[in-house]
Every structure is written in structure tokens, then in C-alpha cells.
Amino acid sequence: MSPVVERDNPVIPEFQLILVDNNENSQITERLCRLLSEIGSVSRVPSIDAICQSKQHGATRYLIVPMDDPTPEPTYPFDGYDPLTGVGNRAFLYKSLQKTLLELSSPFALVSLDIDRFSTLNHQYGQAMGDALVKALAQRLLHFAPASFVSRMGSDEFCFIVHFEPKQTRRQDVRHLIDHLLETLAPAYQIGSHEVSLFCSLGIVLAPQHHQDVDQLINYANLARTRAKHTHGHSFAIYDDNLDRHSRTTAALEPELWRALQKEEFCLYYQPRVCLKSGKIIGAEALIRWQHPLLGLILPDHFIQLCERSGLIVPLGYWIVEQAGKDIRAFQQTGLEGHVSVNLSFRQFQDDYLVSSLERLITLYPSQPQMLEFELTETALYTDEAHVIQCMKAISDLGIEFSLDDFGTGYSSFSMLQKLPISTLKIDRSFIAGIGQQADDEEIVRTLIRLGKNLNKNIIAEGVENEQQRAFLVEHDCLLGQGFYYSPPVTAAAFIQLLNQQLAATAL
């Protein structure tokens with residue numbers, strides 16, 4: 001290291017310890033905290049002599065950089081505190097919870113909180129602004145709860161403990177806690193010249209009422225927070241075993257997903273698409289299932305969101321296209337001439353190789369393109385409009401058509417629908433279920449059929465369950481549908497049997 005240059009008014013510079021890790025960047029913070037704890041649990045030291053002992057560990061180097069800023073930084077014991085905010089870290093929370101449970105003299109709430117759309121804020125304002133917002137949020141939480149109970153669990157995620165009086169934790173007591181917390185979080189944050197409004201999602205679990213185990217309490221609070229995210233703005237949810245049991249089961253499946261793809265445990269089921277006038281099968285929708293070796297057949301509601309979150313949905317989506325291509329060839333041999341639709345995730349549009357990968361897959365099955373249809377949701381359409389339009393047009397050039405799922409449940413721009421190569425609109429099953437029961441739903445269905453016809457699109461009704469619904473749809477000129485009235489989703493072999501039965505009936 002270069003010697004310190006003398007100045008006219010010599011001062012002893014402070015030095016900051018910085019960790020540079022060439023191999024394991026994800027562990028920088030953890031290693032820095034451990035190193036600093038070795039030299040006295042401080043973030044700054046007064047001189048080189050205090051830390052000049054050699055520290056070499058493989059590819060990791062420790063650099064000492066002089067700091068001219070005379071303003072002292074607060075010092076934290078890094079083995080238990082978060083260096084950005086000064087509140088506790090994950091290890092601190094575990095210790096606090098263990099101690100609180102061991103000395104349990106009164107009920108308490110564990111609150112899990114994070115910032116909605118934090119990654120978007122980081123992209124909009126930059127990483128430095130994101131860090132400043134996290135620090136400002138931490139300060140508000142410190143004003144709300146004692147410093148000994150607030151911990152930062154992730155980039156924008158915090159947990160803290162709030163104690164009640166022995167006879168509290170009734171619903172009104174918990175609601176008072178939530179109202180007070182929301183009042184604390186509501187005001188906008190002034191960061192430099194920017195005024196930023198943050199919205200947070202909160203999950204609350206009560207101890208000992210819901211559990212008395214550290215890991216379970218943290219897990220339950222996180223599950224409740226995930227449920228709270230379904231509501232926009234400052235939102236909260238109190239853990240409910242009935243409502244969150246599904247999430248617990250789903251989360252337990254996540255580590256098995258990649259193995260399931262490698263072991264070919266996924267399979268496709270097909271629900272017939274029929275002509276509502278004649279009952280003839282004129283197509284199908286491919287629906288994925290997971291044939292779990294222990295749990296049996298698992299429906300997509302239990303694992304698709306996990307696939308979206310983990311990124312597995314991209315390779316899984318290509319597997320679905322390839323498998324559907326194989327099955328379509330068998331369907332053609334039994335007389336099927338219409339389209340087989342495959343769901344395409346919005347995450348797949350983020351894959352730069354989407355078009356080239358699809359082109360490679362369909363060349364394996366020359367008869368596939370004119371029968372293949374990709375089914376999209378409005379989420380996929382509006383994720384990155386320009387990119388999605390470009391991809392859809394390139395895919396359409398391969399001979400593949402598109403349909404829009406859940407038509408009527410979201411915001412559909414009619415100009416967007418006209419300029420995209422979408423040939424079919426699928427009316428959501430929630431509206432079909434109201435036929436014969438809700439006049440409003442019937443009017444919505446009539447309106448959606450007219451809109452689709454005016455846009456020169458095919459219309460398919462999802463969830464046709466009975467004769468009354470079928471007759472209503474035919475009367476109002478919706479001629480295609482699918483639902484349990486005709487058939488539930490079935491295996492490829494069972495679908496071929498349905499086609500063979502139809503072929504035999506036609507021959508009579």
C-alpha cells in the first residue's frame with residue numbers, strides 16, 4: 001500500500017475495511033461481517049496499524065482504503081446487525097424470537113413486511129435511492145417498535161416483534177396495532193429532491209396462538225404477507241391456517257420442481273374444444289399436470305406460480321410445446337383438424353431465444369404449425385408491449401395462431417387486439433357460470449360475444465357446465481366452447497379414444 005502523504009495540516013486518516021471476493025460475490029456481506037467481528041466488531045478503525053496483520057484466504061483479498069470524511073459512522077456489532085440500516089439481521093431475529101419464546105410471559109405478534117414493486121423503484125430511481133428508501137423505512141420501524149426487536153431479512157424485507165398485554169391479542173387489539181403501523185408507513189418519503197410514496201405488504205402471525213416455533217412463526221408471517229400482496233396499496237393479512245395451508249403445501253413442492261422436469265414427471269391432459277351446435281370435437285386445450293411419485297396427480301394451481309418465480313416455466317414451456325407437437329400427430333391420425341392450444345407464459349417472452357426455440361421445435365413435427373395455438377393472458381400482452389408484439393408477429397409468421405384467455409376479466413385495449421395476430425377470444429368461465437342465475441353476467445356474455453364478432457375474432461366459452469348455458473351461448477351466436485358438460489381434461493390416450501368414438505359415430 002502507498003504511504004500516506006503528509007499534508008499542510010496533517011491528520012490521521014480513518015480507514016475503512018472493504019472485502020473483495022473474486023469467486024463468491026453473493027457472500028461478500030457475510031464475510032465482511034465475520035471479518036469485522038474478528039477485529040473488534042467495528043466498521044471503521046483509526047489506523048492501519050490496527051489491522052495490518054496479513055489476511056489471505058484463497059482468492060479473497062482484504063483491502064484497506066483511507067477515508068477522508070472526518071464524520072464518524074455509527075459502529076454496529078456486525079455479527080447481529082444489518083450494516084445498511086443499523087437494525088438487526090436474520091441471525092438477530094432468530095435470537096430475539098428464541099429468547100422471547102423462552103421467556104414467554106405475554107402474547108406477541110411477529111410482523112413480516114416488504115415494499116411492493118421494490119425492483120421497479122430501483123430501476124426507476126437507481127440503487128442508491130433504493131438503499132436510501134430502505135434506510136428511511138427502517139427508521140420508521142424503529143420509531144414504531146423497540147430497536148431490540150426490528151430486523152432486516154432481505155433487500156426490502158423486515159420482521160419485528162410487538163408485545164401485547166397478557167389479556168390482549170383479541171381482534172380489536174391486533175387491528176389497533178395494524179392501524180397504528182399503517183399510519184406510521186403512510187406518509188411519503190423525502191429523499192433528496194424526490195418525494196416517493198411506498199406501499200408495503202404486511203403479514204402478521206400471533207404467538208403462542210398460531211405457533212411457538214421460531215421457523216414456523218417466520219414461515220407463517222411470510223405466508224400471510226404473500227396473501228396480503230393480492231390487495232393493492234398498504235395491505236395486511238393475519239395468518240389463517242385455512243387460507244394459508246395451500247401456500248404451505250405449495251412452498252414445500254418448490255425444491256422438487258427441477259427434479260420433476262428431469263425425471264419426466266410432468267404430463268399433458270387435453271380438454272376437448274367442441275362445436276356447441278353439433279357437439280363435435282374440433283380442437284383441444286393442453287393442460288399440464290404433475291404426476292408426483294408420492295402425492296399423485298398435482299394440478300397446476302399448486303406449482304405454476306412456483307415455476308414462474310423460479311424461472312423453470314421457460315424450459316417447462318418448451319417441453320410442453322414439444323410434447324404437444326408429438327401428441328398432435330397422433331390426434332391428426334384420428335381425424336382432428338382444429339387447433340390445440342398451449343398456454344404461453346409472460347416469462348417466456350423475456351427469453352431472447354423464444355422465437356428461434358419455437359422454430360426449432362416445430363420443425364421436428366412438420367404438421368404442427370397450422371394446428372398449434374398459443375394461449376396468452378393479458379399479463380403477457382402488457383408486460384413489455386413492443387417486445388411482445390415483435391415476438392408474436394415472428395411466431396405468427398411460423399404459422400402459429402394466438403388466443404386470448406380470460407377475456408373480459410381485465411383491461412383489453414381493442415386497438416391492441418386489432419394489431420396483434422390474435423384470432424380467438426376466450427370468455428372467462430366466471431361469466432359463463434352466471435348464465436341462468438345472474439342477469440348481469442348474461443348481459444356481460446352477450447356484450448363480449450358482440451365485441452368479439454365486431455373485432456372479427458372467434459369466440460370460445462370456457463366452463464360450459466350444463467344445457468342451459470350451452471343453449472344460451474348458441475342463441476347469442478357463440479358457437480365454440482369447452483367444459484365439463486362435454487368432458488373434463490383427459491390424458492392424450494383418453495382424448496384419442498374420444499376422437500375414435502366420434503369417428504365411429506360419424507361412420508354409422
Side-chain angles (χ1 to χ4, degrees), residues 82 84-88 90 92-93 96-97 100 106-122 124-125 129-191 194-207 209-211 217-244 247:
D82 172 55
L84 175 66
T85 62
V87 302
R90 186 180 294 270
F92 175 87
L93 176 71
S96 299
L97 270 176
T100 302
S106 62
F108 68 90
L110 177 66
V111 182
S112 175
L113 174 151
D114 70 357
I115 301 171
D116 294 343
R117 300 174 64 249
F118 182 65
S119 59
T120 302
L121 289 171
N122 267 333
Q124 182 177 357
Y125 295 109
M129 174 69 82
D131 287 347
L133 287 168
V134 168
K135 291 170 69 175
L137 173 59
Q139 290 303 307
R140 289 197 187 178
L141 296 179
L142 287 173
H143 283 295
F144 180 81
S148 57
F149 296 123
V150 180
S151 299
R152 184 183 179 212
M153 304 292 284
S155 62
D156 64 314
E157 179 185 342
F158 293 86
C159 276
F160 56 92
I161 300 168
V162 179
H163 284 276
F164 293 99
E165 295 298 324
K167 294 184 179 181
Q168 288 184 322
T169 68
R170 295 169 299 177
R171 179 172 294 275
Q172 58 264 41
D173 300 318
V174 177
R175 186 54 198 254
H176 178 72
L177 159 71
I178 294 168
D179 289 342
H180 186 193
L181 179 55
L182 294 180
E183 288 176 6
T184 303
L185 298 173
Y189 294 77
Q190 191 67 44
I191 308 295
H194 297 279
E195 184 175 310
V196 183
S197 294
L198 294 184
F199 294 102
C200 297
S201 297
L202 289 70
I204 301 102
V205 64
L206 304 176
Q209 178 178 334
H210 290 133
H211 219 286
L217 287 172
I218 295 173
N219 182 36
Y220 287 1
N222 290 339
L223 289 174
R225 189 190 73 219
T226 300
R227 179 158 50 87
K229 282 196 173 294
H230 294 301
T231 305
H232 298 295
H234 286 304
S235 57
F236 70 91
I238 301 171
Y239 176 78
D240 185 302
D241 191 61
N242 292 325
L243 296 175
D244 296 315
S247 298

Validation row: F149, T100 side chains within 4.5 angstrom (heavy atoms): yes
Rounded to the nearest 0.5 Å, how far does NE2 of H210 lie from OH of Y239? 7.5 Å
Tell me the closest heavy-atom pair linking R152 and S155, and the distance in Å. NH2-O, 2.9 Å
Is there a side-chain contact between D156 and L121, using heavy atoms and a 4.5 Å cut-off? no
Please tell me if the side chains of L141 and L181 come closer than 4.5 Å, counting only heavy atoms from C-beta onward. yes
Rounded to the nearest 0.5 Å, how far apart are CG of L182 and CZ of R175? 7.5 Å
Measure the CD1-CG distance between I218 and L223 for me, rounded to the nearest 0.5 Å. 12.0 Å
Sequence neighbours excluded, the answer for side chain to side chain contact (heavy atoms under 4.5 Å, CB included) partners of R117 is T120
If the condition is side-chain hydrogen bond (donor to acceptor under 3.5 Å, both in side chains), which residues does D131 pass it with, not counting sequence neighbours? none
Once you round to the nearest 0.5 Å, how far does CG of L177 lie from CZ of F236? 10.0 Å
CG/L97 to CZ/F92 distance, rounded to the nearest 0.5 angstrom? 10.0 Å
Heavy atoms only: give me the nearest A188-S197 pair and the separation to one decimal. CB-OG, 3.7 Å
Stepwise side-chain contact (heavy atoms from CB on, under 4.5 Å) check, N219 with H211: CA-CA 11 Å; N219 182 36; H211 219 286; over 6 Å; no
Verify, without hydrogens or angle tests, whether R90 (side chain) and S151 (backbone) share a donor-acceptor contact under 3.5 angstrom. no
For side-chain contact (heavy atoms from CB on, under 4.5 Å), just list the numbers for F144 and L185, CA-CA rounded to whole Å, side-chain angles, deciding distance to a tenth of an Å, and then say yes or no. CA-CA 10 Å; F144 180 81; L185 298 173; over 6 Å; no
Partners of A136 by side chain to side chain contact (heavy atoms under 4.5 Å, CB included), sequence neighbours excluded? Y189, I191
Using every non-hydrogen atom in the two residues, find where I238 and R227 come nearest and quote the distance to one decimal. O-NH2, 2.8 Å
Roughly how far apart are I178 CD1 and L202 CG, rounded to 0.5 Å? 7.5 Å
Taking only residues two or more places apart in sequence, or in another chain, which ones meet Q190 in a side chain to side chain contact (heavy atoms under 4.5 Å, CB included)? E195
Which atom pairs, donor and acceptor, lie under 3.5 Å between side-chain atoms of residues 107-115 and protein residues at least two apart or in another chain?
{"from": "S112", "atom 1": "OG", "to": "N222", "atom 2": "OD1", "distance (Å)": "2.8"}
{"from": "S112", "atom 1": "OG", "to": "R225", "atom 2": "NH1", "distance (Å)": "2.6"}
{"from": "D114", "atom 1": "OD1", "to": "K229", "atom 2": "NZ", "distance (Å)": "3.0"}
{"from": "D114", "atom 1": "OD2", "to": "R225", "atom 2": "NE", "distance (Å)": "3.4"}

